[in-house]
A.B. asks: 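Next up is a structure, given as structure tokens.
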There are 2 protein chains.
Amino acid sequence: MNIVKDKRPTINDVARISGVSKRTVSRVINGAANVGEATRKKIEAVIQELNFSPDKQARGLAASRSFLLGLIYDNPDALYIDQVQRGVLDICSAKGYELVVHPCTYKSDDFINNCIKFVKRSNIDGVVILPPVSESRELATSFQENHIKYVRIASLDLDDHANIVVSDDRAALSDLARYIVSLGHQNIAIISGPKSYFSSKERLEGFCDTLKQLGKKVPEERIIEGKNTYESGIDCARQLLIQTPRPQFIFANNDEMAAGVLKVAHELGILVPEQLSIAGFDDNLLASRIIPSLTTIQRPVSAMASLAATKIIAMIEGNEYNVEEQYLVKPHLIIRESTRKIDK
Amino acid sequence: MNIVKDKRPTINDVARISGVSKRTVSRVINGAANVGEATRKKIEAVIQELNFSPDKQARGLAASRSFLLGLIYDNPDALYIDQVQRGVLDICSAKGYELVVHPCTYKSDDFINNCIKFVKRSNIDGVVILPPVSESRELATSFQENHIKYVRIASLDLDDHANIVVSDDRAALSDLARYIVSLGHQNIAIISGPKSYFSSKERLEGFCDTLKQLGKKVPEERIIEGKNTYESGIDCARQLLIQTPRPQFIFANNDEMAAGVLKVAHELGILVPEQLSIAGFDDNLLASRIIPSLTTIQRPVSAMASLAATKIIAMIEGNEYNVEEQYLVKPHLIIRESTRKIDK
DNA sequence: TTGTAAGCGTTATCAT
DNA sequence: ATGATAACGCTTACAA
């Protein structure tokens with residue numbers, strides 16, 4: 001059906017064959033209103049016949065648009081990244097955009113410039129920024145200064161609602177606290193995420209604040225700062241599980257670390273959940289596969305990503321209808337085998 | 001309007017400030033040989049100072065290139081995808097390319113056309129294709145017909161060596177067979193991958209052939225076709241573990257399914273590895289986290305991806321030096337806790 | 001070794 | 001409603 005021609009037809013071919021100027025063809029392509037009905041029909045027919053479609057690069061060069069969206073992240077969690085990509089792509093392909101991925105290194109002090117250049121080089125129309133990079137005030141500021149459109153995904157409401165999608169980690173951790181107290185646990189311990197991340201802070205405070213309201217206080221020495229890695233979970237669990245009295249419940253800032261706790265418990269012969277309850281955060285692939293399966297908190301990652309994509313495209317196309325108003329989602333508790341009521 | 005730094009610098013700015021023509025700057029950008037040493041230094045300095053990087057669209061429009069690489073896949077394994085992306089990106093960013101991701105649906109019969117359109121729409125310079133889509137003869141043929149450059153990543157040598165990176169799954173499974181026999185296992189069972197995938201066939205045959213050479217034959221009813229998912233692993237394990245005599249060893253075509261086997265064994269009170277040994281394939285994140293940790297086979301995914309990227313860029317840039325010769329990598333066995341010698 | 005100038009396929013600014 | 005013509009930022013014959 002499709003005959004491969006030597007050269008792709010250009011707007012000039014369409015113009016010549018239609019007997020009009022290319023400016024008029026351009027009008028038709030872009031759906032401008034002021035084109036005669038007869039002319040439009042004629043041109044559309046020729047476009048059909050030639051199987052013409054405008055060249056994206058030329059279009060981009062002339063109009064400063066690329067129909068490219070960027071995804072910026074410095075996150076080792078492959079599962080999270082993958083979910084985000086799919087969520088964004090669902091929207092992208094429906095709207096005629098493509099997704100360009102850009103992992104970066106948050107710690108490198110070149111990283112802001114690196115991101116800016118990434119966007120400028122390819123004339124990326126807008127970017128979605130993932131945590132923890134999304135927490136960078138400097139990056140957001142630089143994007144604003146460079147007139148780069150962005151939407152951040154984060155755990156804290158730290159930008160205009162048009163520019164952010166927030167998961168209310170604090171509220172979710174509050175739920176977890178109530179659940180744990182309802183199970184009767186007394187000796188509660190926490191492996192937090194890196195304190196420099198807002199998300200860690202939100203989760204920690206959401207948990208501790210509600211605990212305090214319910215009359216339970218977590219002492220300092222029962223809160224250890226982890227690095228969100230499996231190995232770090234193991235280290236922290238070792239420190240926690242030798243304390244007397246031994247913790248009855250441990251919350252780990254993510255599932256990776258929770259898996260580390262499980263590992264240490266197993267090594268020490270501590271039964272989960274009989275002698276120790278554990279909860280994580282993410283609802284990682286791991287969470288449902290591991291034995292015992294992990295009580296955890298699930299963010300609607302894919303939905304957040306789709307929302308972010310919708311918002312960024314709305315910004316790009318100037319249709320900022322009521323998209324600003326939607327920005328907050330609440331993660332929810334998933335109860336599995338790793339938590340249970342205190343026997344006694 | 002003249003001295004305003006609002007706009008990003010162009011090749012003209014670099015030329016003007018360096019006091020040369022833009023043709024010379026272009027030479028420097030593209031690493032041409034015939035540029036005076038002093039001139040080059042001067043220009044490079046200015047490029048640095050201006051933080052200049054050439055506009056991809058303009059470059060593409062002029063040179064009929066986009067500096068965009070595509071990644072085509074229909075693979076639910078997020079960890080695999082993520083590793084591939086990072087492997088490809090390592091090379092990409094070093095060579096000035098960006099990566100556009102394109103998940104697709106292998107089963108949909110529009111998928112070939114969908115992929116072609118994806119490439120043409122954005123003038124993608126070349127694509128890397130992941131298994132199982134990479135096994136599609138039709139897709140490869142269509143790409144050839146449309147003069148689209150591609151490199152496939154696969155488990156079987158099914159294309160010109162210039163167009164493929166192959167992991168020798170067969171050889172790796174042969175190693176596993178020898179290892180298992182050395183442990184003294186008699187009753188061996190297999191959960192294969194979908195039979196329609198070449199990779200499943202390679203692994204199955206590599207395993208069975210070597211087993212046969214060593215005097216062990218796996219009977220028909222001990223080979224079950226799984227779907228490479230956790231749930232499918234559970235289903236197949238149930239069928240296998242009620243057989244008499246009960247299998248002493250189960251090979252699962254991937255770690256996801258092996259995790260399912262572990263789950264069922266746990267439910268049935270079968271001790272792993274005391275009463276049942278299990279091995280998987282992939283060296284998934286899961287493999288090292290799960291308890292007991294999983295004996296499995298690791299492909300050098302990231303290295304394969306980098307090699308694929310190197311090859312596709314060589315094709316694009318016409319530097320097909322000896323890159324054709326490198327195409328085969330061998331996965332290797334990782335022995336963990338889930339396999340052990342037969343007691344008795 | 002370096003420069004001039006003509007594109008590449010669009011969109012945007014003016015006219016008419 | 002339509003059309004010349006100039007950008008857009010770069011590469012590349014062709015000179016010098």
Side-chain angles (χ1 to χ4, degrees), chain A residues 5-44 46-47 50-68 96 117 120-125 317, chain B residues 1 6-44 46-47 50-68 96 120-123 125 316-318:
Chain A
K5 312 208 170 176
D6 271 5
K7 296 231 170 196
R8 264 177 78 183
T10 74
I11 196 174
N12 292 305
D13 299 323
V14 178
R16 186 170 31 75
I17 296 177
S18 314
V20 297
S21 79
K22 69 191 205 181
R23 182 65 183 91
T24 304
V25 177
S26 176
R27 288 197 179 92
V28 171
I29 293 171
N30 293 287
N34 49 347
V35 178
E37 193 50 33
T39 321
R40 149 164 286 129
K41 284 261 184 274
K42 171 74 179 161
I43 294 175
E44 277 168 351
V46 175
I47 288 179
L50 257 45
N51 192 24
F52 164 84
S53 69
D55 182 296
K56 269 197 175 173
Q57 313 209 54
R59 219 175 175 193
L61 181 57
S64 300
R65 275 275 314 292
S66 63
F67 290 92
L68 257 29
K117 275 175 97 166
K120 300 230 160 174
R121 253 194 334 250
S122 301
N123 287 316
I124 307 275
D125 290 338
E317 303 188 342
Chain B
M1 196 83 182
D6 210 26
K7 293 210 148 213
R8 61 187 276 231
T10 75
I11 195 174
N12 292 304
D13 298 323
V14 178
R16 185 170 32 77
I17 297 177
S18 314
V20 298
S21 78
K22 72 186 197 185
R23 179 65 182 92
T24 304
V25 177
S26 175
R27 287 196 177 94
V28 171
I29 293 171
N30 293 286
N34 50 346
V35 178
E37 192 50 32
T39 320
R40 147 163 290 127
K41 285 261 184 275
K42 171 75 181 159
I43 294 175
E44 277 167 351
V46 175
I47 288 180
L50 257 47
N51 194 20
F52 164 84
S53 65
D55 181 296
K56 283 224 164 74
Q57 313 213 48
R59 206 131 96 112
L61 181 57
S64 298
R65 300 228 274 120
S66 65
F67 293 90
L68 256 30
K120 299 233 160 173
R121 253 196 329 254
S122 300
N123 288 318
D125 289 338
I316 293 165
E317 303 189 340

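Every heavy atom of this structure was used, including side-chain atoms; hydrogens, water molecules and symmetry mates were not. Numbered from 1 within each chain, the chains take letters A, B, ... in sequence-line order.
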A.B. asks: Measure from NZ on A:K42 to P on D:dT2 and round the result to the nearest Å.
C.D. replies: 14 Å

A.B. asks: If only atom types and distance count, is the side chain of A:S18 paired as donor or acceptor with the main-chain N or O of A:V20 below 3.5 Å?
C.D. replies: no

A.B. asks: Would you confirm whether B:D13, through its side chain, and B:T10, through its main-chain N or O, come within 3.5 Å as a donor-acceptor pair?
C.D. replies: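 The answer is yes, because a donor-acceptor pair under 3.5 Å joins these two groups.
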
A.B. asks: Under 4.0 Å, counting only non-hydrogen atoms across every strand here, what does A:T39 touch: a base, just sugar-phosphate, or nothing?
C.D. replies: sugar-phosphate

A.B. asks: Protein within reach of the bases, or only the backbone? For nucleotides 7-16 of chain C, mark each nucleotide 5' to 3' as B, S or -, using heavy atoms under 4.0 Å.
C.D. replies: BBBBBBB---

A.B. asks: Measure NZ/A:K41 against C1'/D:dT2 and give the value in whole Å, please.
C.D. replies: 19 Å

A.B. asks: Looking at B:R65, is its backbone amide N or carbonyl O close enough to the side chain of A:Q57 to form a donor-acceptor pair, meaning the two atoms are under 3.5 Å apart?
C.D. replies: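 Between the backbone of B:R65 and the side chain of A:Q57 there is a qualifying donor-acceptor contact (under 3.5 Å).
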
A.B. asks: Verify the contact: side-chain N or O of A:T24 to OP1 or OP2 of D:dG3, cut-off strictly under 4.0 Å; return yes or no.
C.D. replies: yes

A.B. asks: Heavy-atom distance under 4.5 Å between the side chains of A:F52 and A:I29, does that happen here?
C.D. replies: yes

A.B. asks: Nearest 0.5 Å, what's the CZ-OG1 distance between B:R40 and B:T24?
C.D. replies: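 Those atoms lie 10.5 Å apart.
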
A.B. asks: Is there a donor in the side chain of B:N51 and an acceptor in the side chain of A:K117, or the other way round, less than 3.5 Å apart?
C.D. replies: yes

